Novice: 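Have a look at this one before I ask anything.
Just so it is clear, the model here is predicted, and its values are computed rather than measured.
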Amino acid sequence: MRALLLPWPQRLLLAIALGALAGWASQARLFWQQDEHVYDRLVGGWDYPPDDRLAIVAIDERSLQQLGQWPWPRGTHARLLDRLHEAGARRVALDLMFPEPDRKDASQDQELAAAIRRSGNVVLPVLAAAAGGDAVPEELLPVPVLASVARGLAHTDIEVDGDGVARGLYLKAGVGSAYWPALGLALSGGDGPVPGLGDPAPAAASPYQWRRDNYVRLRYAGPPGTFPQVSYIDVLEGRLPPGLLRDRLVIVGMTASGIAPRLLTPTSREYWMSGSEYQANVASMLLGGHVILPLRPPVQLGVVVLLVALCALGMTQRRLPPWLVAVVALALPLLLSAVLLRGFNLWFAPAAAIGGALLMLLAWGLWQMRYWRRQANRDPLTSLANRMRFEEALQLEYEAARRSGRPLSLALIDVDNFKHYNDTFGHHTGDLVLQQTARMIRELARRPRDLAARFGGDEFALVLPDTGSEGAIQLIDALVSRVRQAGIAVGKGRQARISVTIGLATVVPAADGVPAQLFRDADAALYQAKAAGRDGYRVAPPG
């Protein structure tokens, strides 16, 4: 297989164009589904031991059966917080919304607020609610009596991709600016810099929009069920072993089917994950330093452009086989993505780079097919059309001339005394004679449909559509003169004379005419020219 050989400037332009196209596709996320498929494959089984300080107090089916229909009185949650405080829980994320006062019993809010104050370590959630029409989004905060005594407020905005899978999250979010930490971040108690990519929204975005910042990919500790869970009712009734929740980071949230939010994750497509376990994964990831950071957009763009440009340059050079370059170009983005992810917790989306390499491979394949087709119709020594191509072209042009009523001329050309060059100066010189003669014949076939061909050892042909006898005579007269003057070097300071003999025939095909007759007429004229002493031409009489 041949490389797609191009001059250096064209190679560079092709590399830049393909790289820029792939870079645009990467920034526009045209192949996001393919990227996420690769990501899921790489992280699906890449778990780690979860932080053993985390625990989930689950509002499960058994708790609902014993405590009755949801929602429960807020005093019930107050008693739970007291139990957790007595058990020595370090921090509690109460993943339950209290956006409105208790309209039936105002004392319930006071009771829950008192329990939150006694604990001193309770985080409450904030939720972004989409408003109807063109109205701005709202932040659903806990009622002031609860918010004022909480250790902190945190958003529970869960990022779900277009295919329904939760792979990442924004660690900060809020209306106007991203000031609320994610619930898992608040639970972990991290006081250092918050990792993640910057706010993707433009600087001029409305101050009333829900803004998100510090985007990270969530590395899950494992499939659903990884973190220890205890039933809400067991905690409430004190049925837990002493010390089980001491110094724990506790999330209280829904796990009962039909009520709890259900999420798909890369770790499992068979079992749903509750929102509480999602937040536990966030906290565990941050506590263990397992955050996955996507490459910053300029870096992602640069890597894609570089990989595709190198592929284009590699497939247009002559040293390495193109198939090897293609294999490396297709495998390298995947390998780089895996190495960066598993080795450095960085995510490089490889699909655009692979797409660019495939596009280059397609271009090379099309060029290869075109090359093979040309080779099948080309004489390897002179690069003129071969006999098969000559006969095909003559047939097509004859039929076209019949339909149009335009003349068609055919010139048959022989190199005079060609055997003499081989016998006297060697076959190399004979090849040079043929190549030089072919070059001068090719220069006469200037129009797109003109065809110069070599159909025998020292025999050439020139097919001239839409050319009458007078125009054809001018061309072959010029060819005879040029060949006669050219000569060829046969030794140091020595020149051998070259000459050609030509037979020319012109016809406007009749309804019953055939291309073979035109060929016979040109061949008869060639024979007459040879009989007359060579180094000249004869024109067949009009048919």
Side-chain angles (χ1 to χ4, degrees), residues 1-46 292 294-383 385-386 389:
M1 295 186 185
R2 291 174 59 89
L4 200 165
L5 301 178
L6 295 173
W8 172 249
Q10 294 183 22
R11 292 177 61 200
L12 187 60
L13 285 175
L14 177 64
I16 293 173
L18 277 179
L21 180 62
W24 170 79
S26 176
Q27 296 298 292
R29 300 194 68 215
L30 294 185
F31 304 108
W32 71 270
Q33 290 176 300
Q34 290 76 17
D35 283 325
E36 301 304 0
H37 178 74
V38 173
Y39 180 83
D40 291 351
R41 290 281 184 175
L42 292 174
V43 304
W46 188 36
I292 297 174
L295 291 183
R296 296 190 178 278
V299 178
Q300 168 78 25
L301 173 65
V303 174
V304 169
V305 171
L306 179 62
L307 289 176
V308 175
L310 288 176
C311 170
L313 291 174
M315 295 192 70
T316 53
Q317 49 78 51
R318 65 176 72 244
R319 294 184 179 178
L320 296 175
W323 66 265
L324 179 60
V325 176
V327 169
V328 172
L330 293 174
L332 189 57
L334 288 173
L335 179 62
L336 179 63
S337 184
V339 169
L340 288 176
L341 185 65
R342 293 297 186 94
F344 303 93
N345 283 353
L346 295 172
W347 167 238
F348 164 66
I354 296 173
L358 285 173
L359 184 61
M360 185 64 216
L361 184 60
L362 175 63
W364 174 79
L366 293 174
W367 178 88
Q368 191 73 34
M369 292 174 60
R370 182 171 176 268
Y371 170 78
W372 286 335
R373 184 175 179 182
R374 287 183 59 197
Q375 287 297 97
N377 293 287
R378 191 180 71 167
D379 174 62
L381 178 64
T382 63
S383 296
N386 60 16
R389 176 71 183 113

Novice: Could you tell me which non-hydrogen atom of F31 sits nearest to which non-hydrogen atom of A25, and how far apart they are?
Specialist: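 Answer, listing the atom of F31 first, then A25: CE1-CB, 3.8 Å.
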Novice: Do L359 and L21 have side chains that get closer than 4.5 Å, going by heavy atoms?
Specialist: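 Sidechains of L21 and L359: in contact.
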Novice: Hey, are the side chains of L310 and L332 touching, using non-hydrogen atoms and a 4.5 Å cut-off?
Specialist: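 Of all side-chain heavy-atom pairs linking L332 with L310, none is under 4.5 Å.
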Novice: Measure the shortest side-chain to side-chain distance between F348 and L341 over non-hydrogen atoms and say whether it is less than 4.5 angstrom.
Specialist: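 Answer no - side chains too far apart.
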Novice: Quick check: closest heavy atoms across G19 and V308, and the distance to 0.1 Å?
Specialist: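 Closest heavy-atom pair between G19 and V308: N-CG1, 3.8 Å.
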Novice: Roughly how far apart are L42 CG and I292 CD1, rounded to 0.5 Å?
Specialist: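 Separation between the atoms: 9.5 Å.
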Novice: Using a 6.0 Å cut-off, check whether atom CZ of R41 has over 12 heavy atoms from anything other than its own residue.
Specialist: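 No, not enclosed.
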Novice: Side-chain contact test, heavy atoms from C-beta onward, threshold under 4.5 Å: evaluate it for Q300 versus S26 and give yes or no.
Specialist: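 Of all side-chain heavy-atom pairs linking S26 with Q300, at least one is under 4.5 Å.
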Novice: Within the 4.5 Å heavy-atom criterion, are V304 and W24 side-chain neighbours or not?
Specialist: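 No, every pair of side-chain atoms sits at 4.5 Å or beyond.
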Novice: To check you understand the geometry: which heavy-atom pair defines the closest contact between A351 and D35, and what is its length?
Specialist: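 Looking at all heavy atoms of both residues, the shortest contact is N-OD1, 2.7 Å.
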Novice: What I'd like to find out is whether the side chain of S337 reaches to under 4.5 Å of the side chain of W347, using heavy atoms alone.
Specialist: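 Side chain of S337 against side chain of W347, heavy atoms only: contact under 4.5 Å found.
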Novice: Per the side-chain contact (heavy atoms from CB on, under 4.5 Å) rule, which among L301, L307, V305 passes with V303?
Specialist: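 Exactly one option meets the side-chain contact (heavy atoms from CB on, under 4.5 Å) with V303, and it is L307.
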Novice: Looking at residues at least two apart in the chain, or sitting in another chain, which of them share a side chain to side chain contact (heavy atoms under 4.5 Å, CB included) with A329?
Specialist: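 Side chain to side chain contact (heavy atoms under 4.5 Å, CB included) list for A329, sorted by chain: C311, A357.
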Novice: If you measure from CE on M360 to CG on L330, what distance do you get to the nearest 0.5 Å?
Specialist: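 If I round to the nearest 0.5 Å, the distance is 12.0 Å.
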Novice: Measure the spacing between CG of L336 and CG of L346 and express it to the nearest 0.5 Å.
Specialist: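 It is 10.0 Å, given to the nearest 0.5 Å.
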